[in-house]
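Take a look at the following structure, please.
Just so we're on the same page: letters track the sequence lines, and every chain starts at 1. These values consider heavy atoms only, across backbone and side chains, with no hydrogens, waters or symmetry-generated copies. This structure is a prediction, so every number in the text was calculated from the model and none was measured.
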Number of protein chains: 2
Amino acid sequence: MQMTAPEFDLMFGALADHTRRDIVRRAIDAEEGIAELAGHYPMSFAAVQKHVAILERAGLVTKQRIGRRKVVRTNLEGLRAARRLLDRYEELWRGRIDRMTELVSEGKETHP
Amino acid sequence: MQMTAPEFDLMFGALADHTRRDIVRRAIDAEEGIAELAGHYPMSFAAVQKHVAILERAGLVTKQRIGRRKVVRTNLEGLRAARRLLDRYEELWRGRIDRMTELVSEGKETHP
DNA sequence: CATTGATACAACCATACGGTTGTATAACTG
DNA sequence: CAGTTATACAACCGTATGGTTGTATCAATG
């Protein structure tokens, strides 16, 4: 699953809020509806609802209707997409170290 | 290195912008000053300078004076801190699967 | 079908964000 | 030390964000 820049903007933007990260964590167990989630935070139901909407737009959670509730569930693939980008940066870093090492040993390699 | 919620806010917030992610990527090689970085983007020098400041405040890059330039360098530890949080979420997910599996096999275990 | 419970959505407010221009400071160079 | 280069910072502007309250929809229940 290949992500575009604006999708990453949404994803990291969604993760840049403590309440939303906590919702992601809680929604891993996929047990609570929005009203239940809202009970954990010192803000209105509507505010939490907006947070969930932002997470949903970012692809980090989905909502599933169960009875009259809508249970919020974390989307593992979304989390993985974000993590993979950070992995890529670390790979680039490693590549840089490799290039530096190669540069240092170049003398040896070209003049054995 | 243990991070607090507001630090993660800054970190993910900093990553929630395409230009800033690109600066992080470029700064892995730690070769360019701010003016050189600014050359890559369709915006003013001051705008790029502000982006770098945001990345610096988030602990994702550092600046090192070299001559009259200030070379921007990505801070690997910052990237790792963000990645580790996402890793933790995935572990929680795995734990949930384990608990579910355990629950399912419980019948077998208790009545062999 | 009227009521209750859970969610959705619009309007509004204060503050933060991404960009601009302009001015000031630091460090090399002649 | 005068001039140039690279960076810093303040002021400003439009828009997005995080919160509020109020109203509307939708599903289960008596």
Interface with DNA chain C, restricted to residues 26-37 of chain B and to heavy atoms under 4.0 Å: none

Distance in angstrom units between A/Leu55 CG and D/dG18 P, rounded: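 After rounding, the gap between these two atoms is 10 Å.
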
A/Arg84 and A/Asp87 ion-paired at < 4.0 Å: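 No.
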
Salt-bridge present (B/Arg99, A/Asp29; N to O < 4.0 Å): yes

Would you tabulate the pairs of protein nitrogen or oxygen atoms and nucleotide nitrogen or oxygen atoms of nucleotides 15-21 of chain C closer than 3.5 angstrom?
from	atom 1	to	atom 2	distance (Å)
C/dG18	OP1	B/Arg20	NH1	3.4
C/dG18	OP1	B/Arg20	NH2	3.0
C/dG18	OP2	B/Arg20	NH1	3.2
C/dG19	OP2	B/His51	NE2	2.2
C/dG19	N7	B/Lys50	NZ	3.0
C/dG19	O6	B/Lys50	NZ	2.2
C/dT20	OP1	B/Ser44	N	3.4
C/dT20	OP2	B/Ser44	N	2.8
C/dT20	OP2	B/Ser44	OG	2.7

Charged N-O contact under 4.0 Å between A/Arg80 and A/Glu77: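 Judged by the 4.0 Å cut-off on N to carboxylate O distance, A/Arg80 and A/Glu77 do form a salt bridge.
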
Side-chain heavy atoms of A/Asp9 within contact of B/Arg21, under 4.5 Å: yes

Contact check, side chains of A/Glu32 and A/Val72, non-hydrogen atoms, under 4.5 Å: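 No, too far: nothing below the 4.5 Å cut-off.
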
Protein-nucleotide distance (A/Arg69, atom CZ; C/dA6, atom C1'), rounded to Å: 10 Å

Heavy-atom neighbours of B/His18 NE2 exceed 12 at 6.0 Å: no

In one Ile/Leu/Val/Met/Phe/Trp/Tyr side-chain cluster, 4.5 Å: B/Leu79, B/Val52: yes

Protein proximity profile, nucleotides 23-30 of chain C - base contact B, sugar-phosphate-only contact S, no contact -, cut-off 4.0 Å on heavy atoms: ----SBS-

Salt bridge (charged side-chain N to carboxylate O under 4.0 Å, His left out) partner of B/Glu36, the single match among B/Arg26, B/Arg69, B/Lys70: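 Result: among B/Arg26, B/Arg69, B/Lys70, B/Arg69 is the only option passing the salt bridge (charged side-chain N to carboxylate O under 4.0 Å, His left out) with B/Glu36.
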
Nearest-Å distance for atom pair CD/P, residues A/Gln49 and D/dT25: 15 Å

Transitive ILVMFWY side-chain link A/Leu85 to B/Ile54, under 4.5 Å: no

Nearest-Å distance for atom pair CD/P, residues B/Gln64 and D/dT7: 13 Å

Check: B/Thr74 and A/Tyr89 side chains under 4.5 Å, non-hydrogen atoms: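 Sidechains of B/Thr74 and A/Tyr89: no contact.
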
